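Chain A is the first sequence line, chain B the second, and so forth, proteins listed ahead of strands; every chain is numbered from 1. All values derive from a computational prediction rather than experimental measurement.
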Protein chains: 2
Amino acid sequence: MDKLIEKIELMKNPTVVGLDPTLGIVPSFLKEQYLAKDMIPTENDYSLAVAKMFFDFNKQIIDNIYDIVPAIKPQIAMYEQFGTNGISAYINTCHYAKIKGMIVIGDIKRGDIASTAESYASHIKGTVINGKEFDFWKEDFVTVNPYLGVDGIQPFIDACNEKDKGIFILTKTSNPSSADLQDLLVDGEPLYYKTACLVSKWGELAMGKKGYSKVGAVVGATYPEQGVELRNRMPHTFFLVPGYGAQGATGKDLKGFFDQHGGGCIVNSSRGIIAAYKNDKECSEKDFAAAARKAAIAMKKDLEQRF
Amino acid sequence: MDKLIEKIELMKNPTVVGLDPTLGIVPSFLKEQYLAKDMIPTENDYSLAVAKMFFDFNKQIIDNIYDIVPAIKPQIAMYEQFGTNGISAYINTCHYAKIKGMIVIGDIKRGDIASTAESYASHIKGTVINGKEFDFWKEDFVTVNPYLGVDGIQPFIDACNEKDKGIFILTKTSNPSSADLQDLLVDGEPLYYKTACLVSKWGELAMGKKGYSKVGAVVGATYPEQGVELRNRMPHTFFLVPGYGAQGATGKDLKGFFDQHGGGCIVNSSRGIIAAYKNDKECSEKDFAAAARKAAIAMKKDLEQRF
C-alpha cells in the first residue's frame with residue numbers, strides 16, 4: 001500500500017485504469033487483424049486469437065498511460081470467459097504493466113473458507129512446488145469478498161504481511177443492487193458499516209508506514225454520501241473506488257472519499273478510458289490508445305476537485 | 001437441476017465428491033512420477049507437471065467412483081494456484097467427468113456487478129466469438145457469491161434458463177467464521193435468512209420440472225439446526241451441503257437438510273474421499289483410488305440415515 005501511495009503522490013494522480021477489454025470495446029481493425037475471416041474456428045485457435053488481441057490492446061494502452069497513471073486493475077472475468085488462453089492474456093497484462101513500473105490490482109473478488117482461501121491467496125503470495133516459489137499471477141493487490149468472514153480473509157492478510165502486498169475487500173459496491181444485502185439494517189445501520197468495521201479491524205493486522213493498512217476497501221463511487229461516512233469511520237483504510245465515468249460518478253462527487261490531504265483513495269475508470277476513442281471525435285479507432293491517454297489526463301484533472 | 005436429481009435417484013446416492021487435490025493429498029509415488037528430481041524448475045515445467053499429476057490423480061478417482069457417485073465438485077482455487085496450467089487441469093477434470101457421465105459442479109464462488117457477472121456466467125453459458133459458441137469450462141453448475149445482490153446473479157439465472165444449467169448461491173457457509181457477516185441480526189433474524197429469502201425469490205425465475213429450482217443454495221453441514229430451518233423456509237431450493245467428513249458433520253446430522261422423501265440435497269465430501277487412503281489401514285498409497293471408492297460407499301451408507 002505504501003508503494004501505491006508513493007506512486008500516486010509521484011504522479012499526482014489517484015487513478016487506476018480498469019483494463020477490461022471486450023470484443024465490443026476492442027477496435028474493429030484489431031479484431032480483423034487477429035480474427036481473420038478464413039480462420040479455422042477451433043476452440044483453441046479462436047481463444048488464442050482473442051487472448052493475443054486483448055494483450056495487444058492492453059499493451060498499447062499501457063504504453064500510452066504508464067507515465068501518468070500509477071496503476072491498472074484488470075477484471076479477470078473479462079479474460080476468464082475465454083478459458084485458459086484468456087487467463088494467459090490476463091497474466092501477461094499484469095506482467096507487462098509491472099515491467100512498465102505500474103502497480104497491478106487484480107480484480108478477482110475471490111472469497112472462500114480458510115483452506116481454500118489459502119490457495120486463492122497464492123495470487124499475491126506465490127506458490128511453492130518442491131521448495132521453489134513461483135509467482136504465477138503477477139499481481140500486487142487483489143480484491144476479496146467478505147461474505148465468508150475472517151477465516152476467508154486471514155490467509156490474504158498473512159500474504160500481505162509476508163510479501164508486502166495488499167488487498168481490497170468489498171465493502172459497499174458500486175452496482176444498483178448492492179443494496180440487496182449490503183444495505184440491510186443491522187443494529188439500525190446498514191450491513192456495509194459492519195463490513196467496514198471488520199475491514200478496519202482486520203486492517204490493523206497489516207498496517208503500512210504511511211498511515212494506511214495493506215487491507216483496503218472497495219467503496220463504490222456511485223454512493224457519495226456513503227463514501228463520506230465510510231471515510232470518517234475508516235481513517236486507516238485505503239479506498240479503491242469503482243463506478244467513476246461510465247457508471248455515473250464524477251470528480252466532484254468523490255471529494256469525500258479522500259482524506260484531508262487528497263489521499264487515501266484511488267479511483268477506477270474502465271470503459272471511460274479504454275473505450276474513450278468511441279466518444280472522441282478527434283480520434284479514429286486507430287488512435288484508441290492516444291484517446292485513452294487523453295481521457296486519463298481529463299480524469300486526472302477532474303479528480304483535482306478533491307482538493 | 002432435474003438431471004442432477006435424476007442422477008441422484010438413479011444411484012440412490014446424494015453425494016458429490018470434491019476433487020480438490022493438493023500436493024499434500026496426492027500420494028508420493030505420483031509426485032515422484034511427475035516431479036522428477038532432475039527437472040529444471042521453470043515456472044512452466046513445474047506447473048505443467050503438477051497439472052498433469054492432478055489430472056491423473058483425479059482421473060483415477062473418477063474411474064473408481066463414476067458408477068456410484070452422481071457428481072464431482074472441483075474447487076477451482078486448488079488449480080488456480082498453479083496458474084494457467086493448473087486451470088487446464090481443472091477444465092480437463094470437468095471434461096473427463098462429463099465424458100464419464102458425471103454432473104460437474106464448478107466451485108468457483110464468483111460474484112460481481114452486472115456487466116462482469118455476465119462474463120463470469122460464461123462458465124455455464126459459453127462464450128461467443130465471431131458468431132461461434134464455445135464451452136471453455138465444461139461445468140454444469142457453478143457456485144456464486146450473493147454479496148453484490150441480484151444484478152450479479154441475474155446473468156447466471158439467464159444462463160441457467162438458456163442452457164438448462166444451474167447455480168448454487170452461498171447462503172450459510174460451513175466455516176467457523178461464517179458468522180462474522182452471515183449471522184448478523186437483520187429484523188431480529190440472522191442475515192443468512194435474508195440471503196435465503198432472496199435465493200428463493202431468484203429461484204422462482206428458473207424452476208425445474210421436479211419441484212426444485214435451477215438456483216440452489218450452499219448450506220454448510222456444520223450447522224445442522226440452521227439447515228433444518230432453511231429447508232423449511234426454502235421448499236423449492238436444492239441444497240449443496242459442504243462440511244461433511246473432514247469438516248466434522250456426519251450423516252445423522254444431515255437428516256434435516258433433506259426433504260421428506262430424502263431428496264432436495266447433495267452432500268459434498270472432499271478430503272474424506274480423495275485422501276481416504278491416508279486413514280485406511282487396508283490400503284497402500286498406490287490404492288488411493290480404491291480407498292476413495294470404499295470411502296464413497298461408506299458415505300453413501302452413512303447418508304442412508306436421512307430416511
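Each of A:Ala117, A:Ala77, A:Pro41 has some count of heavy-atom pairs under 4.5 Å with chain B, and the biggest count is that of A:Ala77. With chain A as the partner, the residue from B:Asp151, B:Ile113, B:Leu184, B:Asp180 showing the most heavy-atom pairs under 4.5 Å is B:Asp151.
Within the 4.5 angstrom heavy-atom criterion, atoms from both the backbone and the side chain of A:Ser47 approach chain B. In this structure, chain B has a heavy atom under 4.5 Å from the backbone of A:Asp135, while its side chain stays farther away. In this structure, chain B has heavy atoms under 4.5 Å from both the backbone and the side chain of A:Pro146. Contacts of A:Ile91 with chain B are made by side-chain atoms alone, with heavy-atom separations under 4.5 Å and no backbone atom involved. Only the backbone of B:Asp187 comes within contact range of chain A, judged by heavy atoms closer than 4.5 Å. Of the atoms belonging to A:Ser270, not a single heavy atom falls under 4.5 Å from chain B. Both the backbone and the side chain of A:Thr195 have a heavy atom closer than 4.5 Å to some heavy atom of chain B. For chain B, the nearby part of A:Leu23 is the side chain; its heavy atoms alone come within less than 4.5 Å. Of the atoms belonging to B:Ile108, it is backbone heavy atoms, and not side-chain ones, that fall under 4.5 Å from chain A. Residue B:Lys138 touches chain A through its side chain alone, counting heavy-atom pairs closer than 4.5 Å. Heavy-atom distances place the side chain of A:Val50, and not its backbone, under 4.5 Å from chain B.
With rounding to the nearest 0.5 Å, the separation of OG1 in A:Thr84 from CH2 in B:Trp137 is 7.5 Å. Residue A:Asn130 holds its CG atom at 9.5 Å from NZ of B:Lys37, rounded to the nearest 0.5 Å. A distance of 8.5 Å separates OG1 in A:Thr173 from CG in B:Asp112, rounded to the nearest 0.5 Å. Residue B:Leu191 holds its CG atom at 12.0 Å from NZ of A:Lys194, rounded to the nearest 0.5 Å. Expressed to the nearest 0.5 Å, how far OH of B:Tyr46 lies from NZ of A:Lys132 amounts to 5.5 Å. Atom-to-atom distance recorded for B:Ser122:OG and A:Met78:CE is 10.0 Å, nearest 0.5 angstrom.
Looking at A:Gln75, its side chain never comes within 3.5 Å of a backbone N or O of B:Thr116 through a donor-acceptor pair. Listed for the B:Tyr120 side chain is no donor-acceptor partner under 3.5 Å among the backbone atoms of A:Gln81.
Annotation for B:Gly152 and A:Ser177: closest pair N-OG, 4.4 Å, computed over non-hydrogen atoms. Residues A:Thr171 and B:Tyr147 come closest through the heavy atom pair O-OH, 2.8 Å.
The environment of A:Lys278 atom NZ is dense: over 12 non-hydrogen atoms of other residues, nucleotides or ligands sit within 6.0 angstrom.
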- request: Assess whether side-chain contact (heavy atoms from CB on, under 4.5 Å) is satisfied between A:Leu181 and B:Leu198, documenting all intermediate values.
  value: CA-CA 9 Å; A:Leu181 287 178; B:Leu198 289 169; 3.8 Å; yes

task: List the steps and the verdict of side-chain contact (heavy atoms from CB on, under 4.5 Å) for B:Phe82 and A:Ile129.
output: CA-CA 9 Å; B:Phe82 298 100; A:Ile129 310 175; 3.7 Å; yes

